[in-house]
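Scope of the values below: all heavy atoms of this structure, side chains included, with no hydrogens, waters or symmetry mates. Counting starts at 1 for both ligands and their atoms, in listed order.
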Amino acid sequence: MTSSLPTSLVAALRAARRVAILTGAGVSAESGIPTFRDAQSGLWATYRPEELASPEAFRRNPRLVWEWYAMRRAAVLAAEPNAGHVALAELERLVPTLTLITQNVDGLHARAGSRDPLELHGNITKVRCSVEGTFYATWAEDGDLPPPCPACGAPLRPHVVWFGEQLPTDVLQQAWHAAEACDVFLSIGTSGLVEPAASLPRVAYSHGATVATINLDVRERSEERLFYLHARSGVLLPQLVAQLARA
Ligand code: BV8
């Protein structure tokens, strides 16, 4: 476990004009939200997320998929941002330009105060008509599930990007450009398995950025522009902010 940040990484962050950050489920783990790779628990133990988070699953068993998202939405709304989320919101005030890109659908970055997180995979707290795309802030939970769209009767669905669905083009383009233009790229709490998000650190590195990967899988090592830090985001990010805040 990383005990202190490499001085050369802190120096690169101090000198950076543009910082891009990619977060994954590991950043929300300390808010009590299970990561994607954590074994599914309870009622959902028999399913892998990829088997539920897809248009095919929704077509095959819309009620099951709706109920999985309803359970996760309730958990997300009951969760609080953790020290890692708060530190990332503070980091925005310490660097000239910071682009926060998240794979997470829990909305916790915005709740922690991050100004404009790029939600690559959508937001589980939002619901839309599966045909018209109209968003609904409320819906009937006591009738058929998924609730029918009040306008056209098609099933409502969570506003997330399922496996096999395209990411929102504008959001992905902004994320890609931020990775190309940044001086430092931090990849935090992600296993780097899901594309195209997983390509962003490579894009940053190939454009000359310093890249740090922070999660609980990596083996600690550092090369010239590459850092692998084995650390909890809720511990390391406040340390990073405290060091940058020091004159
Ligand atoms: C698409 C929303 C194309 C739903 C999610 C190559 C190119 C393009 C596509 C593909 C490709 N190869 C394969 C594909 C297909 C697929 C894919 O990547 N499959 C994988 C499984 C191989 N990609 C897609 O389908 C994407 N669509 O590319 O479309 C296309 C083109 C034309 C026409 C049509 C389509 C869509 C992908 C989006 C899927 N939706 N979420 C929902 O949430 O239900 S992805 C889902 O996984 C979550 O968003 C999650 O964030 C994400 C990734 O997981 P991680 O965040 O990394 O979480 P994980 O559990 O894996 O890891 C946790 C990490 O945290 C670990 O490293 C752990 O050590 C660490 N950790 C734990 N605790 C802490 C910690 N770190 C720090 N501190 C801690 N305390």
Side-chain angles (χ1 to χ4, degrees), residues 1-2 5 21-41 44 47-58 64-76 79 81-88 100-109 117-128 157-169 171-173 175-176 186-203 212-220 227-240:
M1 190 74 85
T2 296
L5 283 153
I21 295 178
L22 172 67
T23 64
V27 168
S28 295
E30 290 169 68
S31 294
I33 298 174
T35 68
F36 243 59
R37 302 299 161 249
D38 282 349
Q40 294 262 80
S41 58
W44 311 100
Y47 299 94
R48 285 186 311 109
E50 288 81 3
E51 291 172 301
L52 293 168
S54 78
E56 295 73 27
F58 190 61
L64 177 80
V65 172
W66 174 270
E67 288 180 336
W68 184 54
Y69 280 94
M71 176 276 290
R72 290 174 58 201
R73 184 179 304 111
V76 153
N82 63 60
H85 293 110
V86 172
L88 289 174
L100 180 60
I101 306 158
T102 188
Q103 299 172 93
N104 298 341
V105 296
D106 55 36
L108 288 179
H109 284 304
L118 296 177
E119 295 180 317
L120 293 179
H121 298 157
N123 187 315
I124 199 169
T125 65
K126 296 177 179 167
V127 165
R128 69 177 200 246
R157 61 163 284 176
H159 180 56
V160 298
V161 179
W162 280 328
F163 288 98
E165 292 186 320
Q166 278 192 295
L167 276 61
T169 315
V171 173
L172 182 56
Q173 269 177 357
W176 211 267
L186 305 180
S187 174
I188 310 168
T190 177
S191 57
L193 295 173
V194 174
E195 293 290 356
S199 295
L200 290 169
R202 285 189 291 275
V203 168
T213 299
I214 302 152
N215 64 38
L216 298 182
D217 301 333
V218 290
R219 191 173 39 78
E220 290 276 306
F227 296 85
Y228 296 91
L229 308 176
H230 184 280
R232 293 198 176 290
S233 49
V235 172
L236 181 128
L237 290 173
Q239 285 174 350
L240 183 149

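Closest to atom 8 (C) of ligand 1, if we only count protein heavy atoms, is E195 CB, 3.9 Å. From the protein, the heavy atom lying nearest to atom 58 (O) of ligand 1 is A25 CB, 3.5 Å. Among all non-hydrogen protein atoms, the one lying nearest atom 60 (O) of ligand 1 is R37 N, 2.7 Å. The protein non-hydrogen atom at the shortest distance from atom 78 (N) of ligand 1 is S233 N, 2.9 Å. H121 ND1, 3.5 Å is the protein heavy atom nearest to atom 45 (S) of ligand 1. For atom 31 (C) of ligand 1, the closest heavy atom belonging to the protein is Q166 CG, 3.7 Å.
Qualifying side chain to side chain contact (heavy atoms under 4.5 Å, CB included) partners for R72, counting only residues two or more places apart in sequence or in other chains: F36, W68, Y69, V105, I124.
Looking at heavy atoms from C-beta onward, H109 lies in side-chain contact with V27 at the 4.5 angstrom threshold. Side-chain contact check for I33 versus N104: every heavy-atom pair is 4.5 Å or farther apart.
The closest heavy-atom contact to atom 20 (C) of ligand 1, among the options L120, T35, L193, comes from L193. Nearest to atom 49 (O) of ligand 1 by heavy-atom distance, out of H159, Q103, R48, is Q103. Between atom 2 (C) of ligand 1 and the options L172, V161, T213, the minimum heavy-atom separation is to V161. Evaluated by nearest non-hydrogen atom to atom 72 (C) of ligand 1, the leading choice among G26, G234, A231, G192 is G26.
Which parts of ligand 1 touch G24 is read off a 4.0 Å heavy-atom cut-off, strictly below it: atoms 56 (O). Contact atoms of ligand 1 toward G189: 63 (C), 64 (C), 65 (O), 76 (N) (distance under 4.0 Å to a heavy atom of the residue). Near N104, meaning under 4.0 Å from one of its heavy atoms, ligand 1 places the atoms 51 (O). Atoms of ligand 1 lying under 4.0 Å from at least one heavy atom of Y69, given by number and element, are 4 (C), 42 (C), 44 (O). Interface atoms of ligand 1 facing E30, defined by a heavy-atom separation under 4.0 Å, are 78 (N), 79 (C), 80 (N). The contact set between ligand 1 and R232, taken as ligand atoms under 4.0 Å from a residue heavy atom, comprises 78 (N), 80 (N). Close approach to W162 involves these atoms of ligand 1, each under 4.0 Å from a residue heavy atom: 36 (C). Listed by atom number, the atoms of ligand 1 under 4.0 Å from E165 heavy atoms are 1 (C), 26 (C), 27 (N), 29 (O), 35 (C), 36 (C).
Heavy-atom separations between S199 and ligand 1 are all 4.0 Å or longer. Within the 4.0 Å heavy-atom shell around ligand 1 one finds G164. Heavy-atom distances between I124 and ligand 1 stay at or above 4.0 Å for every pair.
By the criterion of a heavy-atom distance under 4.0 Å, the side chain of R72, and not its backbone, is placed next to ligand 1. Residue contacts with ligand 1 for S191 involve both N, CA, C or O and side-chain atoms from C-beta outward (heavy atoms, distance under 4.0 Å). The part of A29 lying near ligand 1 is the side chain, judged by heavy-atom distances below 4.0 Å. Of all the heavy atoms of I188, none lies under 4.0 Å from any atom of ligand 1, so neither backbone nor side chain is involved.
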Could you go through the side chain to side chain contact (heavy atoms under 4.5 Å, CB included) check for T213 and F227 one step at a time?
CA-CA 6 Å; T213 299; F227 296 85; over 6 Å; no

Side chain to side chain contact (heavy atoms under 4.5 Å, CB included) evaluation trace for V161 with L120
CA-CA 8 Å; V161 179; L120 293 179; over 6 Å; no

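Contact record, G24 with T190: CA-CB, 3.9 Å, taken as the closest heavy-atom pair. G84 approaches L237 most closely through the heavy-atom pair O-CD1, 3.7 Å. Shown here for L22 and A197, the closest heavy-atom pair between the two residues is CD2-O, 3.7 Å.
Judged by distance alone, the side chains of T23 and T102 do bring a donor and an acceptor atom under 3.5 Å apart.
The closest donor-acceptor contact from the side chain of H121 to the backbone of Q103 lies under 3.5 Å. Between the E30 side chain and the N82 main chain, no donor and acceptor come within less than 3.5 Å of each other. Looking only at distances, a side-chain donor or acceptor of H230 sits under 3.5 Å from a matching main-chain atom of L216. Distance alone, capped at 3.5 Å, is enough to place a donor-acceptor pair between the S54 side chain and the A57 backbone.
No N or O atom of W68 sits closer than 3.5 Å to an N or O atom of ligand 1. In terms of polar-atom proximity, defined here as any N/O pair under 3.5 Å, F163 makes no such contact with ligand 1. Polar contact with ligand 1: absent for V105 (N/O pair, distance under 3.5 Å).
When distances from atom 36 (C) of ligand 1 to the protein are checked, a heavy atom turns up under 4.0 Å. There is no protein heavy atom less than 4.0 angstrom from atom 15 (C) of ligand 1.
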